[in-house]
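When a ligand or atom number is given, it counts from 1 through the structure's own listing order.
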Amino acid sequence: MATVAFIGLGVMGYPMAGYLKTKGGHDVRVYNRTTAKAEKWAAEFGGTACALPSEAATGADFVFTCVGNDDDLRAVTLGANGALDGMKEGAILIDNTTASAEVARELAEACAKKGCGFLDAPVSGGQAGAENGVLTVMVGGDEATFAKAQPVIDAYARMVGLMGPVGSGQLTKMINQICIAGLVQGLSEGIHFAKKAGLDIEKVVEVISKGAAGSWQMENRHKTMNAGEYEHGFAIDWMRKDLDIVLNEAKRNGATLPVTALVDQFYADVQAMGGNRWDTSALLARLEK
Ligand SMILES: NC(=O)c1ccc[n+]([C@@H]2O[C@H](COP(=O)([O-])OP(=O)(O)OC[C@H]3O[C@@H](n4cnc5c(N)ncnc54)[C@H](O)[C@@H]3O)[C@@H](O)[C@H]2O)c1
Ligand SMILES: O=C(O)[C@H](O)CO
């Protein structure tokens, strides 16, 4: 059993921290910007709610973060009363936020100066993956740090892969988002077409999901898309943040991403419809407008 801190109890962090306690059996201390959420978590899982990231990190062997974007991450780690203020020598910071590869390298350097380890460890599998403890975790860092952290990460994951040096986890997550962007638009167009054709969506999906068109998005999202329900899941604001990271990285490495850039603009349209916190499958709502 280790002492673990978890910072950021959102859609993903709340259940992930829960698995570190229930499945991992660790002593878990949590911090959240809205204190009531941390207190709710502590009452539900039996851990400790802390008032500051530095307080949660004090004495912890592993410190997890899962916040919104690069700036949020800097605030809870490098900022005043941030996690690094509390971390002891030898502790490991594991960042589950989807962020840039640059901020990963920045944090690795700051951790090294304190004698701490760092892994960038963004996740995939959505809200359902977090709630069921079956996330895919793509990790950047060195092998020795990874070997120490993997058994702890395992508590909320079914696949954990070391992808290369620091930043490689975030680069892999960028590929994940590139693959998803065009796919969700395709799925939206398929369901839109099926409705116009007067077909039974459930029946269509039951059949084609077992063929070459099947996907996580199709399995997990077709029912809510068909019902026009989008108040759950992975927020469009976060997807636009991710696609911005992707498109900036592509400028640096010379990759050509025409569909990703187009779908990013489709998401801007959905934001203009008031869909900032809607699930990314709301691309269908744009077609039905
Ligand atoms: N929701 C998904 O399906 C999903 C899937 C994979 C990856 N992600 C990524 O995981 C991260 C978290 O996503 P989420 O859906 O849980 O988001 P969320 O908005 O539900 O939660 C974000 C959490 O971060 C905290 N936070 C943000 N900025 C902060 C700051 N400056 N100081 C303190 N706390 C701060 C918020 O209070 C909240 O608890 C994002 O980077 C997202 O892109 C989300
Ligand atoms: O992979 C996922 O879970 C979604 O794309 C959110 O990042």
Name the closest protein heavy atom to [atom], giving the residue it belongs to and the distance to 0.1 Å.
atom: atom 9 (C) of ligand 1; value: Thr98 OG1, 3.5 Å
atom: atom 21 (O) of ligand 1; value: Gly10 CA, 3.2 Å
atom: atom 6 (C) of ligand 1; value: Val123 O, 3.4 Å

Report yes if some N/O of [X] lies less than 3.5 Å from some N/O of ligand 1; otherwise report no.
X: Ala235; result: no
X: Thr97; result: no
X: Asp72; result: yes
X: Lys241; result: yes

Look at the side-chain heavy atoms of Ile, Leu, Val, Met, Phe, Trp and Tyr, link any pair under 4.5 Å apart, and say whether Leu20 and Phe146 land in one connected group.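 Yes, Leu20 and Phe146 fall within the same hydrophobic cluster.
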In this structure, would Val160 and Met12 fall into the same cluster of hydrophobic residues linked by side-chain contacts under 4.5 Å?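 Hydrophobic grouping puts Val160 with Met12.
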For [atom], the option (of [options]) bearing the nearest heavy atom:
atom: atom 23 (C) of ligand 1; options: Gly13, Cys66, Gly129, Gly126; result: Cys66
atom: atom 38 (C) of ligand 1; options: Thr77, Val67, Ile7, Asn32; result: Asn32
atom: atom 30 (C) of ligand 1; options: Met12, Lys37, Arg33, Lys173; result: Arg33

Do other residues, nucleotides or ligands put more than 12 heavy atoms under 6.0 Å from the NZ atom of Lys196?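 Result for NZ/Lys196: open.
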With a cut-off of 6.0 Å (strictly less than), are more than 12 heavy atoms of other residues, nucleotides or ligands near CE of Met159?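 Counting other residues, nucleotides and ligands, CE of Met159 stays at 12 neighbours or fewer.
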In terms of side-chain heavy atoms, does Glu44 have a donor or acceptor partner in Tyr14 at a distance below 3.5 Å?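 Yes - a donor-acceptor pair under 3.5 Å links their side chains.
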Below 4.0 Å, non-hydrogen atoms only: which portion of [X] touches ligand 1? Side chain, backbone, both or neither.
X: Met16; result: neither
X: Arg277; result: side chain
X: Asn69; result: neither
X: Trp238; result: side chain

Starting from Met138 and following side-chain heavy-atom contacts under 4.5 Å between hydrophobic residues (I, L, V, M, F, W, Y), which residues can be reached?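 Members alongside Met138: Met163.
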List, by chain and number, the other hydrophobic cluster members for Ile175, where Ile, Leu, Val, Met, Phe, Trp and Tyr join if side-chain heavy atoms come within less than 4.5 Å, directly or indirectly.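 Joined to Ile175, directly or through intermediates: none.
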Salt bridge present between [X] and [Y] (N-O < 4.0 angstrom):
X: Arg74; Y: Asp71; value: yes
X: Arg105; Y: Glu102; value: no
X: Arg277; Y: Asp237; value: no
X: Glu202; Y: Lys223; value: yes
X: Asp61; Y: Lys88; value: yes

Please step through salt bridge (charged side-chain N to carboxylate O under 4.0 Å, His left out) for the pair Arg252 and Glu249, ending with a clear verdict. CA-CA 5 Å; Arg252 274 190 286 273; Glu249 191 67 38; 3.2 Å; yes
Which ligand 1 atoms are under 4.0 Å away from a heavy-atom of [X]?
X: Val76; answer: 32 (N), 33 (C)
X: Val11; answer: 1 (N), 15 (O), 16 (O), 20 (O)
X: Gly233; answer: 1 (N)
X: Gln127; answer: 3 (O)
X: Gly68; answer: 27 (C), 40 (C), 41 (O)

Which protein residues come within less than 4.0 angstrom of ligand 2, counting heavy atoms only?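 Close residues (ligand 2, cut-off 4.0 Å): Ser124, Gly125, Gly126, Lys173, Asn176, Gln177, Ile180, Phe234.
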Phe6: what forms a ring-ring contact (aromatic ring centres under 6.0 Å, His included) with it, not counting sequence neighbours?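 With neighbours one apart ignored, the set is Phe64.
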Give a yes/no verdict on a cation-pi contact between Arg286 and Phe266, requiring under 6.0 Å between NZ or CZ and the six-membered ring centre and an angle within 45° of the axis.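 Flagged: Arg286 positioned over aromatic ring of Phe266.
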Just to check, does Leu9 reach to within less than 4.0 Å of ligand 1 when the distance is taken from its heavy atoms?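 Yes.
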Sole candidate of Ile180, Thr280, Leu287 that passes side-chain contact (heavy atoms from CB on, under 4.5 Å) when paired with Gln185: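 Of Ile180, Thr280, Leu287, side-chain contact (heavy atoms from CB on, under 4.5 Å) with Gln185 is met by Leu287 alone.
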